[in-house]
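One structure is given below, encoded as structure tokens.
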Amino acid sequence: MSEPEQVPLGVDTTKPSPARMYDCYLGGTANFQVDRDAVARIVELVPEIRDAAWANRGFLQRAVRRMALRGIRQFIDLGAGMPTQRCTHEAAREIHPDVRVLYTDNDPSVVAHGRQILADVPGTVIVEADLRQPEFLLTHPEARHLLNFRDPVGLLVVAVTQFISDVDDPWGLVARYMDALAPGSYLALSAPTADHAIAQKVDRILDVYATSTVPLVTARSAADIGRFFAGLEIVPPYPGAAPTLTSTGLWDCEDPDAAESDGSRWFYAAVARKPRMAANEQTRQADPR
Ligand SMILES: C[S@@+](CC[C@H](N)C(=O)[O-])C[C@H]1O[C@@H](n2cnc3c(N)ncnc32)[C@H](O)[C@@H]1O
């Protein structure tokens, strides 16, 4: 999809798209000149941006592996981006060859490219869906056909909540997805932060994204990112660590003293488990009066 004459219907090539920019950070080819120009402007501001993107993708891969090792055999990947570069089904299949993965994104270029890539991959589906419409996805016939909602699911919300403004209540949206999943399900979430950055620099990065197909980007504090995990049991990120948010570099690392980099500090991440229901909640669900 690197030449304009191959543009699928509905794809806007006049503006950079965050999905194609991210593909470009990861060294992919599913992007256009307009995306590469925007990436060049970001690289000038944040030379470590490719490192940040890879640290984030590394978190996704390790989180999927850890969830699969804990018995998760089906995943929903919201705002999945291009299904390339050792994405969810590739990481999960190393543990469960029969894994099922529902990919979703609201960028038509992701869905068009994803359909081509996943056409021959059993157990995978890609659906065009906006994260802000949980009911649409949760009742979508392809989702209901692929997944068994009585069994635990691994929900991935990786590097996407920055595109959902506070007005749309991203915390409530993530909770709505988790509410629909069985106890024992997991949430893996990462989000960019401006906690360690100079405000002026962040403003200039946001100026570049303001020209994109998703013009509003929100970098959040650790406290606000931590709110996504309310009511869930955060998994300790690495042996000996407290169950809390970390940078993507630290998550599941072998040596915390060596694992972080300038890039990996741009994102906070955690994986958390939906607890089994308390006995009184089970009664309430069975008899909701
Ligand atoms: C930075 S990429 C992250 C890709 C992948 N999750 C990862 O972390 O490796 C963000 C993705 O979120 C998608 N996105 C942005 N807003 C969205 C929305 N409202 N609903 C669904 N996807 C969205 C973009 O199209 C893009 O593919």
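Counting convention: from 1, in listed order, for ligands and their atoms alike. Computation of the quantities below employed the complete heavy-atom set of this structure, encompassing side-chain atoms and omitting hydrogens, waters and symmetry-equivalent molecules.
Using a 4.0 Å cutoff on heavy atoms, Ala129 counts as a contact of ligand 1. Heavy-atom distances between Ile164 and ligand 1 reach below 4.0 Å in at least one pair.
Regarding atom 10 (C) of ligand 1, its nearest protein heavy-atom neighbour is Ala159 O, 3.2 Å. With hydrogens left out, the protein atom closest to atom 11 (C) of ligand 1 is Gly79 O, 3.4 Å, a heavy atom. For atom 9 (O) of ligand 1, the closest heavy atom belonging to the protein is Tyr22 OH, 2.8 Å. Among protein heavy atoms, the minimum distance from atom 20 (N) of ligand 1 is reached at Leu131 N, 2.9 Å. Of the protein's non-hydrogen atoms, Ala80 O, 3.2 Å is the one closest to atom 5 (C) of ligand 1. Atom 27 (O) of ligand 1 has as its closest protein heavy atom Asp105 OD2, 2.6 Å.
With atom 17 (C) of ligand 1 as the reference point, the heavy atom nearest to it among Asn56, Asp168, Asn106 is part of Asn106. Nearest to atom 19 (N) of ligand 1 by heavy-atom distance, out of Asp23, Asp130, Thr88, Val110, is Asp130.
If you number the atoms of ligand 1 from 1 as listed, the ones under 4.0 Å from a heavy atom of Phe163 come out as 10 (C), 15 (C), 16 (N). In summary, the atoms of ligand 1 found under 4.0 Å from a heavy atom of Ala19, numbered by their order in the structure, are 25 (O), 26 (C), 27 (O). Interface atoms of ligand 1 facing Asp107, defined by a heavy-atom separation under 4.0 Å, are 25 (O). Of all atoms in ligand 1, listed by their number and element, those nearer than 4.0 Å to a heavy atom of Val160 are 12 (O), 14 (N), 23 (C).
Residue contacts with ligand 1, taken as heavy atom pairs separated by less than 4.0 Å, do not involve Ser17 at all. Using a 4.0 Å cut-off between heavy atoms, Pro18 makes no contact with ligand 1 at all.
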(message) Using salt bridge (Lys or Arg N to Asp or Glu O under 4.0 Å), reason through Glu135 and Arg176 one step at a time and then give a plain yes or no.
(response) CA-CA 9 Å; Glu135 308 313 324; Arg176 174 67 198 97; 2.6 Å; yes
(request) Mind running side-chain contact (heavy atoms from CB on, under 4.5 Å) on Phe267 and Thr193 for me, showing each step along the way? (result) CA-CA 6 Å; Phe267 284 83; Thr193 186; over 6 Å; no
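The aromatic rings of Trp171 and Phe228 sit parallel to each other, their planes meeting at less than 30°, with 60° as the upper class boundary.
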